[in-house]
Amino acid sequence: MTKINTITVKSPANIAFIKYWGQKDKTLTLPYHDNFAMNLSDCTTTVTIDVYDDPKKQEIKVKPYKQTDFSPAPESVTKSVTKFYQTVRDYLEMVDDIGYTVWVEHTFPHKAGIASSASFFSALALAFVSAFGQKLPEKELSILARLSGSGSAARSIPDGFTWWHMGSSDDKNGFSASSFAESMHPPDYWDLTDVVVITSQEEKKTGSQDGHGTAETSPFFADRLISVPDRLKEMEQAFEEKNFTRFGTLLEQEALSMHFVMMTQEEPLFFWSGKTVEVLKKVLDLRRQGTECYYTIDAGQNVHIMCEGKNTDTVASFFQEQSEVEEVIVNKPAVGARVIVDEE
Ligand code: PMV
């Protein structure tokens with residue numbers, strides 16, 4: 001067996017300001033509405049693929065956060081990577097298989113509400129396309145990342161502040177070409193910071209993939225679908241004006257709207273821990289004391305705290321000192337997925 005090539009891709013996690021929860025088409029991973037996010041500079045995943053001429057070789061190795069060695073990926077990860085490899089092959093209409101070893105490294109705890117599947121699958125989309133010796137325009141890479149099943153991966157492909165157009169399932173190619181993410185603003189458009197507050201590295205028990213499936217069963221879901229488009233429009237306006245107070249107010253309303261649905265859907269998902277609630281209360285305290293900052297939470301117990309760049313040190317050092325907090329990761333707006341090594 002001969003190694004043909006090595007490709008390394010680095011891709012960011014992203015934090016949604018207007019979230020995606022529930023799927024109007026589960027096979028194509030289509031959201032019910034457009035959504036909007038920021039790519040994170042310091043929560044990234046690096047995927048390296050060693051490409052072999054023997055297609056029987058297909059292995060995945062993972063190095064968990066803060067560990068020194070790679071170990072074989074759990075079966076669930078191997079399954080989803082193998083499935084996604086097939087999706088990429090079909091999308092590219094490749095006739096021949098390749099052999100591969102995929103090496104995965106995260107700079108943050110995974111499965112803890114920091115979008116590790118978004119950074120992982122966006123990196124994997126670009127890495128597999130490159131491993132097949134192909135190139136795709138950004139829009140198509142975003143479509144492909146979405147087809148991994150982790151829809152939010154679509155938003156980690158373009159740069160900066162990204163908008164995922166919901167699209168529809170009625171286009172002809174079977175992949176839905178209308179559902180993709182694009183950059184609304186480059187990373188340097190607005191000096192914002194996301195201070196990720198880690199209260200626990202414990203892995204969540206239910207992943208978002210399962211959670212999306214029953215979102216519609218929440219009595220609050222219909223109301224959410226009515227309120228999101230207006231909130232999205234207002235958020236867009238807040239961005240145009242760089243109105244941080246308006247942005248932050250909408251950010252918190254949106255996070256709570258999604259979590260009310262999660263908590264009240266069939267198989268309720270209650271991601272918050274006691275520590276999460278303490279951190280949320282401390283965000284309000286800090287704000288009352290004059291440091292303007294706002295929270296949002298994804299599918300996990302850890303909290304994302306948004307502030308303007310000038311308040312980064314105050315917010316980060318305040319939360320670093322709190323008893324509920326294990327560590328903080330300071331993120332600036334970042335570029336999307338990039339090939340960083342491609343060696344024959
Ligand atoms: O893309 P998924 O299947 O990992 O779902 C992401 C869901 C949330 O993180 C909770 C919200 C979002 O828009 O990122």
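When a ligand or atom number is given, it counts from 1 through the structure's own listing order. This one's a predicted model, so the numbers in the text were calculated from it and none came from an experiment.
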Going by distance only, is there an N or O of [X] that falls short of 3.5 Å from an N or O of ligand 1?
X	answer
K19	no
R155	yes
N35	no
W21	no
G151	yes

| note | Only residue of T6, D50, T48 satisfying side-chain hydrogen bond (donor to acceptor under 3.5 Å, both in side chains) with W103 is D50
Under a 3.5 Å distance rule, please check whether [X] uses its side chain to pair with a backbone N or O of [Y] as donor and acceptor.
X	Y	value
T162	R155	yes
S156	P12	yes
S179	L30	no
T217	T214	yes

| When the ring centroid of Y100 is compared with that of Y52, is the distance short of 6.0 Å? | no
Going by the order shown, which atoms of ligand 1 are within less than 4.0 Å of some heavy atom of [X]?
X	answer
M258	10 (C)
S152	1 (O), 2 (P), 4 (O), 6 (C), 14 (O)
A299	10 (C)
S117	4 (O)
A16	12 (C), 13 (O), 14 (O)

Provide, to 0.1 Å, the distance between [atom] and the closest protein heavy atom, together with that atom's residue and name.
atom	value
atom 3 (O) of ligand 1	H212 NE2, 3.2 Å
atom 4 (O) of ligand 1	S208 OG, 3.1 Å
atom 7 (C) of ligand 1	Y20 O, 3.6 Å

| query | For K242, does the NZ atom have more than 12 heavy-atom neighbours from other residues, nucleotides or ligands under 6.0 Å away? | reply | yes
| request: Check whether any heavy atom of S150 sits under 4.0 Å from an atom of ligand 1. | output: yes
| task | Apply the salt bridge (Lys or Arg N to Asp or Glu O under 4.0 Å) test between K332 and each candidate in D194, D42, D191; give the one that qualifies. | result | D191
| said: I want to check something: taking the side chain as every heavy atom from C-beta on, are F260 and F221 in contact at a cut-off of under 4.5 Å? | reply: no
